[in-house]
> 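Questions regarding the structure given below will be posed in turn.
Just so we're on the same page: letters track the sequence lines, and every chain starts at 1.
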Protein chains: 2
Amino acid sequence: MQNRNISDIIEKYLKSILADSQKIEIKRSEIAEQFDVVPSQINYVIKTRFTIQNGYLVESKRGGGGYIRIAKVNLIDDTDVLDQLIDLIGESITSGKALQIIQSLYEDKFLTQKEANLVLATMDRTTLDFADKRLENVVRARILVSVLNRLRCAD
Amino acid sequence: MQNRNISDIIEKYLKSILADSQKIEIKRSEIAEQFDVVPSQINYVIKTRFTIQNGYLVESKRGGGGYIRIAKVNLIDDTDVLDQLIDLIGESITSGKALQIIQSLYEDKFLTQKEANLVLATMDRTTLDFADKRLENVVRARILVSVLNRLRCAD
DNA sequence: ATAATAATAGTCAATATTAGTCAAAGTTGG
DNA sequence: CCAACTTTGACTAATATTGACTATTATTAT
């Protein structure tokens with residue numbers, strides 16, 4: 001019970017820092033060394049425990065002076081709607097259905113008019129324009145789901 | 001946070017000067033000496049951080065009295081610059097370069113932070129995530145050009 | 001004027017320094 | 001035993017740093 005796995009311990013450590021500050025910046029190799037694990041385990045911890053659903057945004061940079069940044073974000077109250085929409089979209093969606101969803105997001109004030117227009121522009125039929133329409137609908141679904149996940153953040 | 005790479009520091013320094021004046025003129029060797037790097041690193045900083053995607057135009061002259069001039073430009077208002085940018089994007093763009101462009105648009109206040117984040121979400125590496133990276137970059141280019149053209153009609 | 005030299009900046013490729021991906025192997029709770 | 005979760009490491013990708021070599025322009029000497 002007390003000796004949990006090392007991923008849990010690293011998670012707890014990072015979250016204890018995030019309790020004080022809104023965001024942290026780490027060097028993957030340093031944290032890995034500190035806890036005596038291989039560097040890629042840090043990626044595992046982040047991928048399983050610092051997701052957007054949990055209220056964390058992660059960005060990173062490779063190369064000299066590289067880093068991993070983890071930021072705590074405020075999630076909106078009503079994520080159910082987003083969950084349901086993501087569920088509904090699944091793996092594939094037509095441009096018509098995507099339009100309906102974006103319109104409803106606008107009506108429910110998740111998006112301003114300009115935001116809605118921008119999002120629409122990214123996924124409309126003439127923008128994506130795949131020969132293979134099946135693939136186009138898959139890509140559109142990924143884009144729309146990504147937008148919906150972004151909307152979880154209240155800022 | 002403090003141990004960033006020297007390229008970022010040079011970038012920040014140059015941009016801090018550009019915050020006051022629309023353009024600056026530097027001597028490559030002087031800046032290199034000031035930050036204790038080889039002169040060609042200045043070229044690296046410029047090539048990676050002061051491109052047209054970033055909203056900057058650069059001109060230079062060699063020989064005695066040589067210089068490098070960097071000028072801030074406006075990506076959307078100036079139709080020529082926008083055309084040039086779209087031209088540069090062409091049929092394909094990496095996520096890194098796309099990020100630079102979106103950041104410039106945000107800095108120039110053509111996009112709010114939320115709009116920028118939404119747009120970024122649509123073309124992020126993890127969103128599009130094609131096995132065929134070449135195709136991924138093509139799709140990203142289409143999305144980005146579509147966004148730029150949408151911004152053109154300011155509403 | 002012309003040629004030689006000096007004083008710049010540019011290019012490119014090798015190397016270094018990070019982080020990411022993925023799948024195999026190990027562990028654990030039910 | 002099985003399924004889910006964790007750990008590991010080989011391989012990949014992105015970014016930064018460096019320096020040798022090249023190109024261009026200005027100045028000086030003839």
> Please give the remaining members of the hydrophobic cluster of Leu75(A), linking ILVMFWY side chains under 4.5 Å, ordered by chain and number.
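Answer for Leu75(A): Ile52(A), Leu57(A), Val73(A).
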
> Can you pull out the residues from residues 128-141 of chain B that lie within a 4.0 Å heavy-atom distance of DNA chain D?
none

> Can Thr51(B) and Asn54(B) be counted as having a side-chain donor-acceptor contact under 3.5 angstrom?
yes

> Mind jotting down which residue pairs meet the ring-ring contact (aromatic ring centres under 6.0 Å, His included) criterion with at least one end in residues 47-101 of chain B? Sequence neighbours excluded, please.
Phe50(B)-Tyr56(B)

> Which residues pass the side-chain hydrogen bond (donor to acceptor under 3.5 Å, both in side chains) test with Asn137(A), sequence neighbours left out?
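Asn137(A) satisfies side-chain hydrogen bond (donor to acceptor under 3.5 Å, both in side chains) with Arg140(A) once adjacent residues are dropped.
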
> The criterion is side-chain contact (heavy atoms from CB on, under 4.5 Å); which residues satisfy it with Glu107(A), sequence neighbours excluded?
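With neighbours one apart ignored, the set is empty.
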
> Considering every strand and a 4.0 Å limit on heavy-atom distances, what is the contact class for Ile6(A): base, sugar-phosphate, or nothing?
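Sugar-phosphate, no base atom in range.
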
> Are Ile6(B) and Asp36(B) close enough that some pair of their side-chain heavy atoms sits under 4.5 Å apart?
no

> How does each nucleotide of nucleotides 25-30 of chain C score, in 5' to 3' order, for protein heavy atoms under 4.0 Å: base (B), sugar-phosphate only (S), or none (-)?
------

> How does protein reach along nucleotides 9-14 of chain C, written 5' to 3' as B (base within reach of a heavy atom under 4.0 Å), S (only sugar-phosphate), or - (no contact)?
BBB---

> Nearest heavy atom decides the nucleotide; on that basis, is Thr126(B) or Gly65(B) closer to the 5' end of DNA chain C?
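Checking each residue's closest nucleotide, the 5'-ward one belongs to Gly65(B).
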
> Does a side-chain heavy-atom distance below 4.5 Å link Glu115(A) with Thr112(A)?
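Glu115(A) reaches Thr112(A) side chain to side chain.
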
> Could you pull out every donor-acceptor pair under 3.5 Å between side chains of residues 7-21 of chain A and any protein atom, sequence neighbours left out?
from: Ser7(A); atom 1: OG; to: Gln41(A); atom 2: NE2; distance (Å): 2.8
from: Asp8(A); atom 1: OD1; to: Arg49(A); atom 2: NE; distance (Å): 3.4
from: Asp8(A); atom 1: OD1; to: Arg49(A); atom 2: NH2; distance (Å): 2.7
from: Asp8(A); atom 1: OD2; to: Asn5(A); atom 2: ND2; distance (Å): 3.4
from: Glu11(A); atom 1: OE1; to: Arg49(A); atom 2: NE; distance (Å): 3.0
from: Glu11(A); atom 1: OE2; to: Lys15(A); atom 2: NZ; distance (Å): 3.0
from: Tyr13(A); atom 1: OH; to: Gln34(A); atom 2: NE2; distance (Å): 3.4
from: Ser16(A); atom 1: OG; to: Tyr13(A); atom 2: O; distance (Å): 2.6
from: Ser21(A); atom 1: OG; to: Ile17(A); atom 2: O; distance (Å): 3.4

> Got a sec, which pairs hit salt bridge (Lys or Arg N to Asp or Glu O under 4.0 Å) with one end in residues 70-94 of chain B, sequence neighbours left out?
Lys72(B)-Asp108(B), Asp83(B)-Arg152(B)

> Among pairs that include at least one residue of residues 128-155 of chain A, which meet ring-ring contact (aromatic ring centres under 6.0 Å, His included), considering only residues two or more places apart or in two chains?
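Listed by first then second residue: nothing to list.
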
> Need two values: the first and the last nucleotide of DNA chain D, 5' to 3', having an atom under 4.0 Å from any heavy-atom of chain A.
dC5(D) to dA16(D)

> Can you name the side-chain contact (heavy atoms from CB on, under 4.5 Å) partners of Ala71(B), sequence neighbours left out?
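Result, side-chain contact (heavy atoms from CB on, under 4.5 Å) vs Ala71(B): Lys23(B).
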
> Tell me if a side-chain donor or acceptor on Arg69(A) pairs with a main-chain N or O of Glu25(A) at a distance below 3.5 Å.
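Not confirmed, Arg69(A) side chain does not pair with Glu25(A) backbone.
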
